[in-house]
Visitor: 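First, the structure itself, so that you have it in front of you.
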Amino acid sequence: MTVVGGDRELARQLAELFLEDLGPRVTEITAAVSALDAKRLHAGAHALRGSAGSIKADIVAAAAGVLEAMGRASKLDGVLRALDELTVAVANLRPRLVALAARA
Amino acid sequence: MRILIADDDAVTRKLLDATLRRHGWDVITANDGNAAWRAFEELKDKDSPALAILDWMMPGVEGIEICRRLRATPGFESVYVILLTSRSNKADLAEGLSAGANDYIGKPFDPVELEARVRVGERMVMLQQRLNARVTELEQALAHVKRLQGLLPICSYCKKVRNEANYWEQVDSYLMTHSDLDFTHGICPTCSDKMMKQLDESTV
């Protein structure tokens, strides 16, 4: 709430915007990992980290940050485990955001 | 003051937009670098943004490239640019500032820091505008001043001066041509006395 200065409607809109992009972003990261495409992984994870950081979704941002760093360095050892951690973080965050976005 | 926000991330864009509007700034947004550059071009000579917050990493034209373009384009050189970046190493920041950015904000941004940095930018924009207005005033004033400089040959007896075309002319006509001076004609007391004497002598 500090991010939005106590503005509940803004918080709701941000949750909605984040959720709209969340699916495609996770899909993009998963595809980049499957293809072992470091550049694509870097770009995809960077975008998710930035977005998650903006709404203070720190666990998702941190998990995306690990993948981003792997992509930037083109070192994909352990990338599947990092992807699992991101998937879990996203799964934990999603219901809270869905509830927030649904508030009138 | 009008501010342009360019960020491909809808969440960050919305948050920046709302934060700046809350403080009363006029905000326009662009969802990538190309749209940001188009906005500058379309608003040129109208009400183009005086300050831009540009995400460094965007699809198409990156923030740092827009920054270089602004600095190289007449009319946009003094746009105050804040780069938004998650890069934090000194070499990256130096690169951003060398490209012409005035400042940078780390991502994710802190709303209080954002406001403070934009206020610094606003002060700089206002100073720059005042300075530009002053320079224009001075240029206009200077355009009305013709300066006479150098050596001017003058006849010791009749006081005519030699002009650039090598002709001897009256000093008043020379000055009227070479300055914004205008002469009103009269007779000084000495010449008046002299003339009266001549008149008296000629009548006798």
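Each chain gets a letter, A, B and so on, in the order the sequences are listed, and its residues count up from 1.
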Visitor: Who among B:Asp8, B:Leu84, B:Val11 has the most heavy-atom pairs with chain A under 4.5 Å?
Guide: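 Heavy-atom pair counts peak at B:Val11.
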Visitor: For each of A:Leu10, A:Asp21, A:Ile55, tally heavy-atom pairs with chain B at distances under 4.5 Å, and name the one with the top tally.
Guide: A:Leu10
Visitor: Select one option (side chain, backbone, both, neither) describing which atoms of A:Glu16 are under 4.5 Å from chain B's heavy atoms.
Guide: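 Neither part.
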Visitor: Thinking salt bridges, do B:Asp7 and B:Lys107 make one under a 4.0 Å N-O criterion?
Guide: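 A salt bridge links B:Asp7 with B:Lys107.
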Visitor: Salt bridge check, B:Glu41 against B:Lys44: does any charged N sit closer than 4.0 Å to a carboxylate O?
Guide: no
Visitor: Salt bridge check: are A:Arg25 and A:Glu28 linked by an N-O gap of less than 4.0 Å?
Guide: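 Here A:Arg25 does not pair with A:Glu28 in a salt bridge, since their nearest N and O are not under 4.0 Å apart.
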Visitor: Any Lys/Arg nitrogen of B:Asp17 or B:Arg13 sitting under 4.0 Å from an Asp/Glu carboxylate oxygen of the other?
Guide: no
